[in-house]
Amino acid sequence: MAGKKFSSYHLAAALRREPDPAAALRLFLNPPTSATPSSAPFRYSLRCYDIIISKLAAARLFPAMDIQPDACTYNILIRAAAASGSLEHARRLFDEMLRRGIAPTVVTFSTVVAALCNAGQLEEAFEVKEMMVRRHKVSPNAYVYASLMKGLCEKGDVDDAVRLKEEMAGNAELLLDSAVYATLVRALFQVGRKGEVVGMLEEMKGRGIVADRVVYNAIIAGFCEDERDPSAAFAVLDDMKKSGCKADAVTYNTLVACLCKLGRW
DNA sequence: TTAGGGTTAG
């Protein structure tokens, strides 16, 4: 493979081939770089960590396994635990990071809040929003708010979600963004309040927030479910393109499904 | 390096 870039893929293969765990660790810590010295270093894949940790563990070389975790490590683990359906495991990881003296970041809390909201545990999610400020001096940001607002909307509490948006607007530290509006726009269509969508979008524009793909997709989805006639949705698709926003797979999946439902093969 | 918001299907 002379002249070819050495990537984490090659490292994973080399680690798998190396029978001596100490040699594997040396390889992991000091991988051969590319033949071209100017080329950028590669990122370690999770697979590489997996292989080296498994090898060291099998050889009972525990001290060598001690790759010091930081907040980011825990954030990744917490997200994975929540994604696999175990909020309990996520909570244990959170406690563990505190015990180790690793300060949770706003990413940690936004991950936890999103997981709770996805599980429908809104009350707990709001408790986290309070607790992160009170106990950890970390302020919620737009990620945290967007998750809470989506959770509220899914329960049909669109007005409460709008109130949360107002709470953000009243706090100079907090920047509203397109995600917040995409959530509200989608919800307004879903509860049959599409008349309020235009005002919401104007407010967004007035705040200097540009509609992105997700906002457009929310509007298109709204018109698709709402109309016997998808022409409004296609008009939005035109606007979207004109504004320089590229339609993506979500856009087209929405429109294709809409046409299929109407029998317009 | 890690987090949110938009869709379809099953």
Side-chain angles (χ1 to χ4, degrees), chain A residues 8 40-49 67-83 90 93-94 97 102-119 122 125 128-129 132 138-154 158 161-162 164-165 168 174-190 197 200-201 204 209-226 230 233 236-237 240 245-262:
Chain A
S8 71
F42 61 87
R43 275 187 58 190
Y44 282 66
S45 62
L46 289 178
R47 189 79 194 117
C48 290
Y49 285 101
I67 298 162
Q68 282 302 327
D70 63 2
C72 184
T73 317
Y74 275 98
N75 294 345
I76 294 166
L77 292 172
I78 288 170
R79 178 166 145 76
L93 285 162
F94 181 80
M97 94 188 267
I102 299 168
T105 65
V106 70
V107 177
T108 316
F109 292 110
S110 71
T111 304
V112 169
V113 167
L116 288 170
C117 288
N118 287 334
L122 268 271
V128 172
K129 172 175 174 267
M132 62 188 282
V138 179
S139 300
N141 62 7
Y143 283 75
V144 172
Y145 274 92
S147 293
L148 292 169
M149 289 167 59
K150 187 189 177 191
L152 287 170
C153 288
E154 273 165 5
V158 182
V162 172
L164 268 192
K165 187 258 297 168
M168 293 185 77
L174 273 171
L175 279 183
L176 281 156
D177 66 12
S178 62
V180 164
Y181 286 97
T183 310
L184 291 176
V185 164
R186 190 67 194 93
L188 287 173
F189 274 109
Q190 274 165 337
V197 168
M200 193 60 79
L201 293 172
M204 180 183 79
I209 300 163
V210 177
D212 63 7
R213 258 197 314 226
V214 178
V215 171
Y216 277 110
N217 286 343
I219 304 169
I220 288 172
F223 281 126
C224 277
E225 79 190 357
D226 189 66
V236 176
L237 177 65
M240 181 178 189
C245 216
K246 212 166 176 281
D248 64 4
V250 174
T251 321
Y252 287 106
N253 285 344
T254 307
L255 289 166
V256 168
C258 178
L259 291 174
C260 286
K261 272 184 200 139
L262 296 170

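The basis for the numbers below is simple: all heavy atoms, side chains too, and nothing from hydrogens, waters or symmetry mates. Note that this is a predicted model, so its numbers are computed, not measured. The sequence lines fix the lettering, A, B, ..., with proteins before strands; numbering per chain opens at 1.
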Hey, does A:S178 reach any base, or is it just sugar-phosphate, or nothing, if we go heavy atoms under 4.0 Å?
->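 It contacts base atoms.
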
Distance check: side-chain N/O of A:R79 vs OP1/OP2 of B:dT2, anything under 4.0 Å?
-> no

Tell me: [atom1] of [X] to [atom2] of [N], nearest whole Å?
X: A:Y145; N: B:dG4; atom1: OH; atom2: C1'; answer: 14 Å
X: A:L93; N: B:dT2; atom1: CG; atom2: P; answer: 18 Å
X: A:Y74; N: B:dA3; atom1: OH; atom2: P; answer: 18 Å
X: A:L175; N: B:dG4; atom1: CG; atom2: P; answer: 19 Å
X: A:M97; N: B:dA3; atom1: CE; atom2: P; answer: 14 Å
X: A:N118; N: B:dA3; atom1: CG; atom2: C1'; answer: 12 Å
X: A:M168; N: B:dG5; atom1: CE; atom2: C1'; answer: 11 Å
X: A:L176; N: B:dG4; atom1: CG; atom2: C1'; answer: 14 Å

Under 3.5 Å, is there an N or O donor on one side and an acceptor on the other linking the side chain of [X] and the base of [N]?
X: A:N141; N: B:dG4; result: no
X: A:D177; N: B:dG4; result: yes
X: A:S110; N: B:dA3; result: yes

Name all residues meeting the ring pair (Phe, Tyr, Trp, His ring centres under 6.0 Å) criterion together with A:Y145; count only those two or more places apart in sequence or in a different chain, and write none if there are none.
-> none

Sort out for me which residue in A:V214, A:D212, A:I209 forms a side chain to side chain contact (heavy atoms under 4.5 Å, CB included) with A:Y181.
->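 Filter result, single survivor: A:I209.
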
Can you tell me how far the CG atom of A:N75 sits from the CE atom of A:M97, to the nearest 0.5 Å?
->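 It comes to 5.5 Å.
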
Interatomic distance, CG@A:L184 vs CG@A:L152, rounded to 0.5 Å, equals 10.0 Å

Salt bridge (Lys or Arg N to Asp or Glu O under 4.0 Å): pairs with one or both residues in residues 251-260 of chain A, sequence neighbours excluded |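 Salt bridge (Lys or Arg N to Asp or Glu O under 4.0 Å) check on residues 251-260 of chain A returns no pairs.
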
Enumerate all atom pairs, one protein N or O and one N or O from nucleotides 7-10 of chain B, separated by less than 3.5 Å.
{"unit_1": "B:dT7", "atom_1": "OP1", "unit_2": "A:R186", "atom_2": "NE", "d": "2.4"}
{"unit_1": "B:dT7", "atom_1": "OP1", "unit_2": "A:R186", "atom_2": "NH2", "d": "3.2"}
{"unit_1": "B:dT7", "atom_1": "O4'", "unit_2": "A:T254", "atom_2": "OG1", "d": "3.3"}
{"unit_1": "B:dT7", "atom_1": "O2", "unit_2": "A:N253", "atom_2": "ND2", "d": "2.8"}
{"unit_1": "B:dT8", "atom_1": "O2", "unit_2": "A:N253", "atom_2": "ND2", "d": "3.4"}

Step-by-step side-chain contact (heavy atoms from CB on, under 4.5 Å) determination, A:F189 to A:V197 = CA-CA 8 Å; A:F189 274 109; A:V197 168; 3.7 Å; yes

Heavy-atom distance under 4.5 Å between the side chains of A:S178 and A:V210, does that happen here?
->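 Side chain of A:S178 against side chain of A:V210, heavy atoms only: no contact under 4.5 Å found.
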
